[in-house]
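Down below is the structure, laid out as structure tokens.
Keep in mind that what you see is a predicted model, and the values were worked out from it rather than measured.
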Amino acid sequence: MNAKTVGLAGVLLAFLASPAGAQTLTDENALTIVTPFYEALNRPEGKDVVKLIEQATSSDWMTCGGNDTCIPREKFIGGFKSRGDALPNLKWEIKEVLVAGDRIIVRGEASGTPSGTFLGIPASGKSFKIMSIDIHTIEAGKIKRSYHVEDWAGAMRQLSGSP
């Protein structure tokens, strides 16, 4: 066995053992993977939200709002309609995308004007704009798990007029 063969075998072994499961994410394909997900969140009224979420996520996708607080895709989709009703002009903008191995990190911005009571605050015509951070683990070109943090306390302050 020569050095070239040993070197190629080592590269192949490292590639197959990588956390990305033998997939290499580029900035471009990362954006292609997550865009349908954010499109579903962006002004959901009149869109096929289910189709967009299914396009972006695996059938066993879990979304986690805390380290141990995760829900499956079906439950997320089921609860999303009421959020769309409360925020018919919801806009979720991707501000920055970073790739780290099999993970896509998205810094986003959500904004909207509630049409009814939202986060316990009656509609007043006031809007909110908050930052979000999402960490998506990718497997076979789909989002397998998402951890997310949004500044909902900031939204509540903006909607209630508190400093």
Side-chain angles (χ1 to χ4, degrees), residues 23 25-163:
Q23 98 184 356
L25 288 173
T26 64
D27 291 347
E28 185 177 317
N29 65 10
L31 195 56
T32 300
I33 291 168
V34 299
T35 294
F37 180 78
Y38 290 93
E39 184 62 25
L41 301 178
N42 198 8
R43 295 185 181 110
E45 188 175 338
K47 290 185 181 179
D48 190 344
V49 172
V50 174
K51 181 180 177 184
L52 289 166
I53 293 196
E54 288 177 348
Q55 178 184 343
T57 62
S58 64
S59 61
D60 59 346
W61 172 65
M62 297 289 282
T63 179
C64 308
N67 287 329
D68 300 318
T69 311
C70 301
I71 61 170
R73 180 166 83 175
E74 292 73 29
K75 188 171 181 179
F76 175 83
I77 290 171
F80 199 78
K81 184 182 180 332
S82 62
R83 187 170 302 144
D85 291 344
L87 289 165
N89 70 340
L90 178 63
K91 181 178 179 186
W92 215 291
E93 186 178 349
I94 295 173
K95 293 292 194 176
E96 183 178 14
V97 174
L98 301 169
V99 176
D102 65 342
R103 296 198 172 52
I104 302 171
I105 299 98
V106 176
R107 180 176 58 86
E109 182 176 83
S111 60
T113 307
S115 61
T117 299
F118 182 69
L119 301 172
I121 300 166
S124 65
K126 292 181 182 176
S127 299
F128 68 87
K129 187 181 285 190
I130 60 171
M131 183 175 72
S132 66
I133 301 291
D134 302 319
I135 302 171
H136 304 288
T137 302
I138 308 304
E139 187 176 285
K142 301 270 189 180
I143 303 171
K144 174 85 170 172
R145 182 171 294 253
S146 300
Y147 288 95
H148 56 92
V149 177
E150 301 86 15
D151 182 15
W152 292 117
M156 292 172 71
R157 285 190 302 275
Q158 293 170 49
L159 294 173
S160 68
S162 299

>> Checking Glu96 now: which residues fulfil salt bridge (Lys or Arg N to Asp or Glu O under 4.0 Å) with it, not counting sequence neighbours?
In response: Arg107
>> Restricting to salt bridge (Lys or Arg N to Asp or Glu O under 4.0 Å), what partner residues turn up for Asp27, sequence neighbours left out?
In response: none
How about [X] and [Y]: do any of their side-chain heavy atoms sit closer than 4.5 Å?
| X | Y | value |
| --- | --- | --- |
| Glu109 | Glu93 | yes |
| Leu90 | Asn42 | no |
| Met62 | Thr137 | no |
| Ile94 | Val34 | yes |

Taking distance alone, no hydrogens or angles, what donor-acceptor pairs closer than 3.5 Å link side-chain atoms of residues 64-78 to residues at least two apart or in another chain?
unit_1	atom_1	unit_2	atom_2	d
Arg73	NH1	Thr57	O	3.0
Arg73	NH1	Thr57	OG1	3.2
Arg73	NH1	Ser58	O	3.3

>> Can you tell me how far apart CG (Leu87) and CG (Asn89) are? Round to the nearest 0.5 Å.
In response: 7.0 Å
> Do the two ring centres, one from His136 and one from Phe37, sit under 6.0 Å apart?
Replying inline: yes
> Partners of Ser59 by side chain to side chain donor-acceptor pair (under 3.5 Å), sequence neighbours excluded?
Replying inline: none
Shortest non-hydrogen contact between [X] and [Y], atoms and distance:
| X | Y | answer |
| --- | --- | --- |
| Val99 | Ala30 | CG2-CB, 3.6 Å |
| Leu52 | Pro36 | CB-O, 3.6 Å |
| Trp61 | Arg145 | CD1-N, 3.7 Å |

> Can Ser132 and His148 be said to form a side chain to side chain donor-acceptor pair (under 3.5 Å), step by step?
Replying inline: CA-CA 7 Å; Ser132 66; His148 56 92; over 6 Å; no
>> I'd like to know whether Thr26 forms a side chain to side chain donor-acceptor pair (under 3.5 Å) with Asn29, so could you lay out the CA-CA distance, the side-chain angles of the two residues, the decisive distance to 0.1 Å, and finally the verdict.
In response: CA-CA 5 Å; Thr26 64; Asn29 65 10; 3.2 Å; yes
Run the side-chain donor-acceptor check on residues 116-126: report pairs under 3.5 Å with partners two or more places apart or on a different chain.
unit_1	atom_1	unit_2	atom_2	d
Ser124	OG	Lys126	N	3.3

> Can you list every salt bridge (Lys or Arg N to Asp or Glu O under 4.0 Å) pair that touches residues 53-62, not counting sequence neighbours?
Replying inline: Asp60-Lys144
